[in-house]
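Scope of the values below: all heavy atoms of this structure, side chains included, with no hydrogens, waters or symmetry mates. If you read the sequence from its start, that first residue is 1, and numbering goes on from there.
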Amino acid sequence: MRILYVHQYFVPPDGVGGTRSYEMGRRFVSWGHEVLMVTSSCFFPGYSERTIARRTLEGISLLIVPVDYSNSMGFRARVRAFLRFAMKATWIACRERADVVLATSTPLTVAIPAIAARLLRGTPVVFEVRDLWPDLPIAMGVLRNPIWRAGARVLERMAYLTASHVVALSPGMADEIRKRGVPRERLHVIPNSCDLELFDVPAEHGQEIRTRLGLRDGQPLLTYAGTFGRINGVTYLVELAAALRRLQSDVHVLLV
């Protein structure tokens with residue numbers, strides 16, 4: 001198949017962030033499929049501000065749309081980045097031949113090119129939900145304007161209606177999506193995973209870190225190497241470390 005994969009924040013293996021789309025994409029290629037990844041310049045700095053760049057990464061064909069983004073942006077700047085990418089990706093989705101469109105959120109606006117491809121070209125769509133939008137920004141108090149909220153709800157509804165299949169990353173997310181009227185037979189849970197070969201490293205590599213941290217042999221170490229953002233609740237681990245200290249526990253907590 002020719003898969004048009006839409007992910008605004010595709011992270012290459014040398015980038016900082018989740019590499020789910022990279023891992024999925026390279027495996028699709030190894031199974032004989034053709035993957036065209038439409039992404040932004042967020043993790044590919046240095047490209048022209050006007051030209052859509054092309055490059056190949058382990059068999060994955062990348063179309064890099066020049067739209068910058070960073071967590072330091074305010075709400076309006078983020079929305080502009082979402083919409084700019086969605087419009088340019090829609091133009092690509094309506095021009096490129098594809099047997100299926102795989103659109104992965106966030107943001108929810110990646111559904112726009114997928115919906116366009118479905119309505120204008122009849123291309124089947126798989127919509128992957130990584131975060132429950134717009135529930136998440138509403139719960140965080142970011143999406144306050146009732147008009148914006150209503151528009152986001154309409155887009156969410158259209159994304160679910162036009163998708164042949166919807167992918168959730170956890171059973172809890174799938175439960176919430178079912179409440180939106182998505183039938184069970186079109187809903188699939190494919191959780192985040194880990195390529196264990198990446199962690200098949202000599203034990204002495206870990207011992208160097210343990211020595212640097214002053215840990216004894218066999219002393220437990222709980223490590224978090226994820227995202228530090230408002231939604232991630234990393235303060236929970238600080239509270240956990242404080243509780244372990246009060247209990248005089250041997251467990252140490254490392255946040256990377």
Are V29 and I60 close enough, and set up right, to give a side-chain contact (heavy atoms from CB on, under 4.5 Å), and what steps lead you there? CA-CA 7 Å; V29 170; I60 304 171; 4.2 Å; yes

Check the pair L240, V251 against side-chain contact (heavy atoms from CB on, under 4.5 Å), reporting the backbone distance first and the verdict last. CA-CA 10 Å; L240 175 63; V251 178; over 6 Å; no

Between L36 and L63, is the side-chain contact (heavy atoms from CB on, under 4.5 Å) condition met? List the steps. CA-CA 7 Å; L36 180 62; L63 281 181; 3.8 Å; yes

Applying salt bridge (Lys or Arg N to Asp or Glu O under 4.0 Å), run through R27 and E23 and close with a yes or a no. CA-CA 6 Å; R27 283 166 172 79; E23 297 290 355; 2.6 Å; yes

Is there a side-chain contact (heavy atoms from CB on, under 4.5 Å) between Y9 and T104 once you walk through the steps? CA-CA 9 Å; Y9 308 124; T104 181; over 6 Å; no

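Looking only at distances, a side-chain donor or acceptor of S170 sits under 3.5 Å from a matching main-chain atom of M173. Using modelled atom types, one side-chain atom of S40 and one backbone atom of Q8 make a donor-acceptor pair closer than 3.5 Å. Judged by distance alone, the side chain of T106 and the main-chain N or O of L108 form no donor-acceptor pair under 3.5 Å. Distance alone, capped at 3.5 Å, is enough to place a donor-acceptor pair between the T211 side chain and the Q207 backbone. Of the possible polar contacts, one joining the R84 side chain to the P66 backbone as a donor-acceptor pair under 3.5 Å is found. At distances below 3.5 Å, at least one donor-acceptor pair connects side-chain atoms of H33 with backbone N or O atoms of M1. The backbone N or O of A159 sits nowhere less than 3.5 Å from a side-chain atom of R118 that would complete a donor-acceptor pair. Of the possible polar contacts, one joining the R210 side chain to the Q219 backbone as a donor-acceptor pair under 3.5 Å is found. Panel note: side chain S105, backbone P107; no donor-acceptor pair is recorded below 3.5 Å.
Nearest heavy atoms, R97 versus R121: N-NH1, 3.9 Å. Nearest heavy atom pair, residue A114 against residue V125, reads O-CG2, 3.3 Å. Closest heavy-atom contact between V38 and A89: CG1-CB, 4.1 Å. When every heavy atom of A168 is checked against every heavy atom of A174, the shortest pair comes out as CB-N, 3.8 Å.
Between R246 and E239, no side-chain nitrogen of the basic residue sits less than 4.0 Å from a carboxylate oxygen of the acidic one, so the salt-bridge criterion is not met. Between E176 and R180 there is a salt bridge, since at least one side-chain N of the basic residue sits less than 4.0 Å from a carboxylate O of the acidic one.
Rounded to the nearest 0.5 Å, atoms CG (L169) and CG (D131) are 8.5 Å apart. Between L132 atom CG and I177 atom CD1 the span is 5.5 Å, to the nearest 0.5 Å. For the atom pair CE of M87 and OG1 of T109, the computed distance is 8.0 Å after rounding to the nearest 0.5 Å. The structure places CG of L161 at 10.5 Å from CD of E156, a figure rounded to the nearest 0.5 Å. Rounding to the nearest 0.5 Å places CD1 of I52 at 13.0 Å from CG of L62. Between L254 atom CG and L221 atom CG the span is 5.5 Å, to the nearest 0.5 Å.
Here the side chains of P220 and D250 are in contact, with some heavy-atom distance below 4.5 Å. The shortest distance between side-chain heavy atoms of V126 and V167 falls below 4.5 Å. A heavy-atom distance below 4.5 Å is found between the side chains of F85 and V6. At least one side-chain heavy atom of L255 sits under 4.5 Å from a side-chain heavy atom of V238. You'll find the side chain of I3 stays beyond 4.5 Å of the side chain of D99, heavy atoms only. Contact annotation: the side chain of L4 never approaches that of T123 to less than 4.5 Å [non-hydrogen atoms, C-beta and beyond].
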For residues 10-22, dump all side-chain donor-acceptor pairs below 3.5 Å to protein atoms at least two apart in sequence or in another chain.
unit_1: R20; atom_1: NE; unit_2: E128; atom_2: OE1; d: 3.4
unit_1: R20; atom_1: NE; unit_2: E128; atom_2: OE2; d: 3.0
unit_1: R20; atom_1: NH1; unit_2: I190; atom_2: O; d: 3.2
unit_1: R20; atom_1: NH1; unit_2: P191; atom_2: O; d: 3.2
unit_1: R20; atom_1: NH1; unit_2: N192; atom_2: OD1; d: 3.2
unit_1: R20; atom_1: NH2; unit_2: E128; atom_2: OE2; d: 2.8
unit_1: R20; atom_1: NH2; unit_2: I190; atom_2: O; d: 2.9
unit_1: S21; atom_1: OG; unit_2: Y5; atom_2: OH; d: 3.3
unit_1: S21; atom_1: OG; unit_2: H7; atom_2: ND1; d: 2.8
unit_1: S21; atom_1: OG; unit_2: R130; atom_2: NH2; d: 2.6
unit_1: Y22; atom_1: OH; unit_2: E58; atom_2: OE1; d: 3.2
unit_1: Y22; atom_1: OH; unit_2: E58; atom_2: OE2; d: 2.5

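A chain of hydrophobic side-chain contacts below 4.5 Å, direct or via other Ile, Leu, Val, Met, Phe, Trp or Tyr residues, connects V35 to W31. A continuous path of ILVMFWY side-chain contacts below 4.5 Å connects I115 to W91, so both sit in one hydrophobic cluster. Using a 4.5 Å cut-off between side-chain heavy atoms of Ile, Leu, Val, Met, Phe, Trp and Tyr, with links allowed through other members, Y224 and L222 fall into the same hydrophobic cluster. In terms of hydrophobic clustering, with Ile, Leu, Val, Met, Phe, Trp and Tyr side chains grouped at heavy-atom distances under 4.5 Å, M158 and I147 are assigned to different clusters. Under the 4.5 Å side-chain contact rule for hydrophobic residues, F127 and V189 do not share a cluster.
Shown here is R149, whose CZ atom has more than 12 heavy atoms of other residues, nucleotides or ligands within 6.0 Å. Surrounding CD of E197 are at most 12 heavy atoms belonging to other residues, nucleotides or ligands under 6.0 Å away. Heavy-atom neighbours of L247 CG from other residues, nucleotides or ligands within 6.0 Å: above the threshold of 12.
Between F82 and W133, the two ring planes are perpendicular [angle over 60°; tilted spans 30° to 60°].
With hydrogens and angles left out, the side-chain atoms of D68 and S41 include a donor and acceptor closer than 3.5 Å.
Remark: R157 engages no residue in a side chain to side chain donor-acceptor pair (under 3.5 Å) (not counting sequence neighbours).
With I64 as the partner, the side-chain contact (heavy atoms from CB on, under 4.5 Å) test is satisfied by one option alone out of R54, M37, R55: R55.
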